[in-house]
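To start, the structure itself, in structure tokens.
Each chain gets a letter, A, B and so on, in the order its sequence line appears, and its residues count up from 1.
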There are 2 protein chains.
Amino acid sequence: MSSKSPGSVPPSQPRRRAVSKRSLATSLSILDAAERLFSERGYEGASVRDIAKAAGAQIASISFHHVSKETLFERVVERRASELSQLRLDALAALKQRQQPVTLDAVLSAFLRPYLEKAGAGDPQWLAYARLVAMVSADARWHTISERCFDPTAGVFIAEIAKLFPRTDSSAIAVSFIFSVSAMLSLSTSSWRIEALAGGNRQAMDQLADQLVRFCEAGMRAALEA
Amino acid sequence: MSSKSPGSVPPSQPRRRAVSKRSLATSLSILDAAERLFSERGYEGASVRDIAKAAGAQIASISFHHVSKETLFERVVERRASELSQLRLDALAALKQRQQPVTLDAVLSAFLRPYLEKAGAGDPQWLAYARLVAMVSADARWHTISERCFDPTAGVFIAEIAKLFPRTDSSAIAVSFIFSVSAMLSLSTSSWRIEALAGGNRQAMDQLADQLVRFCEAGMRAALEA
DNA sequence: CCTTAAATTGAACGATCGTTCAATATTGTC
DNA sequence: GACAATATTGAACGATCGTTCAATTTAAGG
């Protein structure tokens with residue numbers, strides 16, 4: 001028996017109301033603050049009190065809007081994941097419409113560039129999110145989130161690359177793809193290392209993006225054609 | 001004035017004693033347990049109580065042997081760092097003695113293979129340490145540890161690679177090197193992803209190592225010769 | 001064997017953790 | 001404007017955190 005009454009006696013279900021602007025703003029500012037603090041200090045390192053303070057909200061508001069700390073973390077990751085996936089899939093679709101057959105270089109660009117452009121555009125929230133993606137991808141404790149948010153799109157691109165290497169088995173392709181993804185994520189997690197090892201000789205973000213795509217393209221080709 | 005008395009009145013410095021076998025075993029078991037739990041749950045996620053319990057020791061023994069949680073973490077990272085650096089530098093030295101001039105492939109192998117062999121040999125402690133290295137390398141909070149433990153050796157290899165690309169500026173070389181290192185670390189952090197994306201088609205560790213070296217060698221060459 | 005430095009033990013410290021609650025304030029809906 | 005669903009507030013909950021302490025046990029040095 002569902003709660004929806006089909007018949008004679010309407011069980012007086014409490015009338016629903018729309019969310020107020022203030023409530024939505026609170027919910028969003030909590031997500032923003034959590035995005036920043038989780039990416040800076042990790043899951044256990046960021047307390048709900050610090051998140052609430054950074055959001056200008058009460059600690060109880062976090063439970064009210066986002067159930068618990070764990071679901072708050074999941075919602076932070078999920079929020080921009082679909083947007084990122086859509087950008088990647090759109091780029092791939094546009095590519096397949098433009099040129100047939102597609103090149104490995106173009107497929108990798110379709111996957112890598114949306115992340116790099118979002119992470120490098122200067123938006124501190126997207127920069128924090130980029131670090132968060134790297135953190136989730138590297139930690140086995142969050143592998144269910146990765147499976148849900150990132151693996152489906154990754155599977156599409158791996159399948160697309162597999163068409164370009166029909167003689168290579170899929171496991172080798174997946175491994176090379178993970179090499180490429182981790183190199184991409186390193187631009188978020190190791191930006192301080194890059195600055196240190198490079199000796200202050202900063203490069204523009206789009207130059208780094210070009211270098212990454214060239215690196216991954218040649219790397220995959222060498223690893224998969226062997 | 002030092003505590004060592006040079007002259008007439010020996011100020012009765014308390015007689016020192018050697019460490020007992022039990023004490024040393026306790027200290028080591030704490031390091032081992034911390035290595036495992038830190039790599040599984042992160043720094044804040046692993047409590048000193050859990051570490052003590054896993055080590056079969058008292059919580060107070062952790063402070064006694066390793067001062068604090070933070071220095072315990074640093075000692076865990078430092079313990080095997082010098083061994084790893086030595087293996088890499090030895091491989092590089094042997095390489096330079098064997099062939100002159102050296103090849104990019106051989107230099108990268110000298111850096112990558114010691115890590116892969118230690119992480120893939122089956123020793124659960126080294127496997128945990130490999131994940132820990134990935135965690136430290138990716139987290140800006142531990143960048144002082146990375147600078148101390150890993151960057152010096154990385155600098156040696158970057159300088160060696162720079163000799164092979166005399167026309168390329170060092171920042172581009174450092175970036176490509178970080179791409180390679182992060183791809184290496186992904187074999188520790190994303191082993192579960194590799195198994196998932198590869199569809200159960202497991203590869204032997206040495207095959208993965210070969211694939212990684214080919215990937216990085218070709219990637220660097222393409223990124224640096226452009 | 002005796003002395004005593006070193007090490008272990010169990011309990012306790014104050015601080016902070018994530019979560020919950022009743023009371024109050026806000027605001028969409030009629 | 002009145003009603004009630006929604007949202008905010010401030011305080012408190014028990015649990016766990018890293019650290020410290022005095023008392024006890026262990027074992028190296030003479």
Are any of A/H65's side-chain N or O atoms less than 4.0 Å away from OP1 or OP2 of D/dT6?
no
Looking at every heavy atom in both A/V48 and A/I62, which two are closest together, and how far apart are they?
O-CD1, 3.5 Å
Sorted by number, the residues of residues 43-51 of chain B with heavy-atom contact under 4.0 Å to DNA chain D
B/A46, B/S47, B/V48, B/R49
With a 4.0 Å cut-off on heavy atoms, is A/A60 in touch with a base, just the backbone sugar-phosphate, or nothing at all?
base
Return the residues of residues 19-37 of chain B meeting this criterion: a heavy atom under 4.0 Å from some atom of DNA chain D. Order them by number, or give none.
B/S20, B/R22
A/F38 six-ring centre to A/K69 NZ/CZ under 6.0 Å and within 45° of normal:
no
Does the distance from a Lys or Arg side-chain N to an Asp or Glu carboxylate O, for B/D32 and B/R79, drop under 4.0 Å?
yes
Using the salt bridge (Lys or Arg N to Asp or Glu O under 4.0 Å) rule, collect all pairs that involve residues 113-132 of chain A, keeping only residues at least two apart or in two chains.
A/E83-A/K118, A/R113-A/D210
Mind checking A/I62 for me? I need base, sugar-phosphate or nothing, with any heavy atom below 4.0 Å counting as a touch.
nothing
Once you measure the plane-to-plane angle for A/F215 and B/F215, does it fall in the parallel (<30°), tilted (30-60°) or perpendicular (>60°) bin?
perpendicular
Ring geometry between A/F157 and A/F177 (parallel below 30°, tilted from 30 to 60°, perpendicular above 60°):
parallel
B/F179 and A/F179 aromatic centres sub-6.0 Å
no
Reckon B/Q58 has a side-chain N or O less than 4.0 Å from the OP1 or OP2 of C/dT8?
no
Of all the choices, C/dA5, C/dG28, D/dA7, which nucleotide is nearest to the side chain of A/F64 once you look at every atom?
D/dA7
